[in-house]
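Below is one structure, written out as structure tokens; the observations come after it.
What you see is a predicted model, and the numbers here were worked out from it, not measured in a lab. We name chains A, B, ... by the order of the sequence lines, and we start the count at 1 in each one.
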Amino acid sequence: MTGTTLVWLRNDLRIADNPALSAALKHGMARAVHIEATDGRLRRRGAASRWWLHHSLNRLAEELAQLGVALDTVEGEAQTELFKAIAAHGSDAVYWNRRYGRAEREIDAAIKARLKREGIATESFAANVLVEPFEMATGTGKPYSVYTPFWNALKKQDIAKPLPRPRHGETIRPQRVDSDYREADWGRKLGRHWQIGEAAARERLDRFLDELVLDYPGDRDIPRKAATSGLSPHLAFGEISPRQVWHAAQAMAQHAPAKASAIDKFLSELGWRDFNYNQLYHRDDIATVPMVAKYGGLKWRHADAAFEAWQRGRTGIPIIDAGMREMWETGVMHNRVRMLTASLLAKNLLIDWRKGEQWFWDTLVDADAANNPGNWQWVAGSGLDASPYFRIFNPVTQGERFDPAGDYVRRWVPEVAGLPDKLVHQPWEAPDAAALDYPAPIVDLKVSRERALEAFKAL
DNA sequence: TGTAGCTTTTG
DNA sequence: AAAAGCTAC
């Protein structure tokens with residue numbers, strides 16, 4: 001008989017396909033700990049993520065209790081808190097699933113070294129990406145810098161089959177998650193839009209594959225439609241693993257060949273997540289350093305009033321304001337509108353993309369350390385295989401193309417709801433524009449487009 | 001996964 | 001006159 005194995009949970013808040021948890025239960029008695037780490041080198045979670053985390057941990061504690069596993073939740077420096085938990089429970093082994101940021105890897109490596117010195121068994125597992133970044137390299141041994149060859153190589157890899165839910169142990173009473181978290185109005189508002197936790201994630205995946213995926217390629221760009229999977233926050237917290245998504249989707253493609261090409265399109269978007277994790281793994285700090293060095297020379301404008309108008313959804317450009325308000329209200333924003341709002345900030349407004357990235361980090365429930373900065377760098381042109389600098393979205397044209405009847409804009413920007421379709425994306429053209437309770441646009445799209453082309457071309 | 005300005009084609 | 005095609009940014 002062995003002692004207690006401690007499972008150190010991070011962004012892997014699930015029971016099924018959790019290799020560290022499964023291995024610990026095989027080993028004998030298990031306990032779990034989640035440490036909200038305050039290490040200075042780690043990026044602090046944003047406000048929307050803290051809300052989601054609180055509820056996700058509560059759901060997980062109930063699930064773990066059914067397996068006889070207690071979950072402790074603490075806040076503090078990672079190494080200190082982990083060794084406190086080891087001492088408190090007399091653990092003789094510590095397991096975790098790997099993470100890929102540089103600071104996280106260094107912290108984990110230091111802890112692993114200390115565990116070895118102290119004679120405590122330790123093991124880490126692959127769990128949170130399709131293929132681990134160090135398994136992916138081009139023919140010349142370098143990290144991929146272009147998505148398409150990365151994706152083609154990824155598809156050829158043997159993607160691990162997800163592990164089943166581990167067998168039940170003795171059910172225990174769930175721990176109350178111990179934190180000073182207090183539900184604020186904002187959290188109650190977000191709560192109207194989400195079911196949190198592993199079971200909800202699985203239901204969402206199944207419903208998407210059953211009912212939505214066939215129309216995904218055609219409808220995914222239409223923000224009015226709920227045509228996307230909606231899995232992003234569940235993936236960000238590891239309530240579902242990308243391997244589970246991958247294999248469920250492949251099984252559906254086998255079972256329903258008519259859906260195969262749509263499923264391939266969907267999975268290629270999941271592939272971007274792995275591509276972003278590859279960037280995170282190989283670079284110092286994806287959230288602050290341009291992946292392509294020459295973009296570091298761009299002279300960003302300091303325009304506080306414009307930035308605040310952007311944050312609050314008061315730019316006077318309906319589809320931009322709709323997106324920013326959708327994010328504030330629900331904790332997510334439709335993907336196409338993310339591209340539009342980011343392009344407006346980084347290009348038309350020439351405001352540093354890192355400011356926008358930080359706002360998204362704070363307000364998105366799906367804020368992800370690789371995807372959020374990776375996608376911002378993509379839009380800003382400084383990322384790997386990024387959008388070319390001269391691609392500057394026109395939010396009027398984009399609105400007319402992807403929200404032709406104006407439903408999306410009318411939902412989030414009631415000030416323009418009464419305008420006819422032709423004007424709803426450019427209310428400033430309305431004869432009685434001044435009478436609307438809606439700001440005039442904070443930038444001239446044509447002039448600011450020219451300015452951005454100049455600034456980027458100069459690099 | 002773009003836009004704008006121009007030219008050419010089409011009805 | 002509008003749609004479609006082409007090309008620089």
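- Side-chain rings of A/Tyr144 and A/Phe275 stay apart, their centers remaining 6.0 Å or farther from each other.
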Give the table of side-chain donor-acceptor pairs shorter than 3.5 Å for residues 258-266 of chain A, with sequence neighbours excluded, one pair per line with atom names and distance.
from: A/Lys259; atom 1: NZ; to: A/Leu209; atom 2: O; distance (Å): 2.7
from: A/Lys259; atom 1: NZ; to: A/Asp210; atom 2: O; distance (Å): 3.1

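- Applying the salt bridge (charged side-chain N to carboxylate O under 4.0 Å, His left out) test to pairs two or more places apart or on separate chains, those with a residue in residues 356-368 of chain A are A/Arg43-A/Glu357, A/Arg338-A/Asp366.
- Atom CD in A/Glu269 sits about 11 Å away from atom P in B/dT1, given to the nearest Å.
- Screening residues 381-394 of chain A for salt bridge (charged side-chain N to carboxylate O under 4.0 Å, His left out), with sequence neighbours left out, gives no hits.
- The salt bridge (charged side-chain N to carboxylate O under 4.0 Å, His left out) analysis of residues 339-353 of chain A, with sequence neighbours excluded, yields the pairs A/Asp352-A/Arg354.
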Check nucleotides 2-5 of chain B against the protein and report each pair of N or O atoms closer than 3.5 Å, with its distance, or say if there are none.
from: B/dG2; atom 1: O3'; to: A/Gln398; atom 2: NE2; distance (Å): 3.3
from: B/dG2; atom 1: N2; to: A/Phe390; atom 2: O; distance (Å): 3.1
from: B/dT3; atom 1: OP1; to: A/Asn394; atom 2: N; distance (Å): 3.2
from: B/dT3; atom 1: OP1; to: A/Gln398; atom 2: NE2; distance (Å): 3.1
from: B/dT3; atom 1: OP2; to: A/Gln398; atom 2: NE2; distance (Å): 3.4
from: B/dT3; atom 1: OP2; to: A/Arg401; atom 2: NH1; distance (Å): 3.3
from: B/dT3; atom 1: OP2; to: A/Arg401; atom 2: NH2; distance (Å): 3.0
from: B/dT3; atom 1: O2; to: A/Arg449; atom 2: NH2; distance (Å): 3.4
from: B/dA4; atom 1: OP1; to: A/Asn394; atom 2: ND2; distance (Å): 3.1
from: B/dG5; atom 1: OP1; to: A/Lys446; atom 2: NZ; distance (Å): 3.0

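- Among the protein residues, A/Phe456 comes within range of no part of the nucleic acid, since none of its heavy atoms lies under 4.0 Å from any strand.
- A/Arg102 meets the salt bridge (Lys or Arg N to Asp or Glu O under 4.0 Å) test with A/Asp284; sequence neighbours excluded.
- Take A/Trp194 and apply the ring pair (Phe, Tyr, Trp, His ring centres under 6.0 Å) test, not counting sequence neighbours, and it matches A/Trp52.
- Pairs engaging residues 218-228 of chain A under the salt bridge (charged side-chain N to carboxylate O under 4.0 Å, His left out) rule: A/Asp219-A/Lys225, A/Arg220-A/Glu269, A/Asp221-A/Arg336, A/Arg224-A/Asp407 [sequence neighbours left out].
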Protein-nucleotides 2-7 of chain C N/O pairs under 3.5 Å:
none

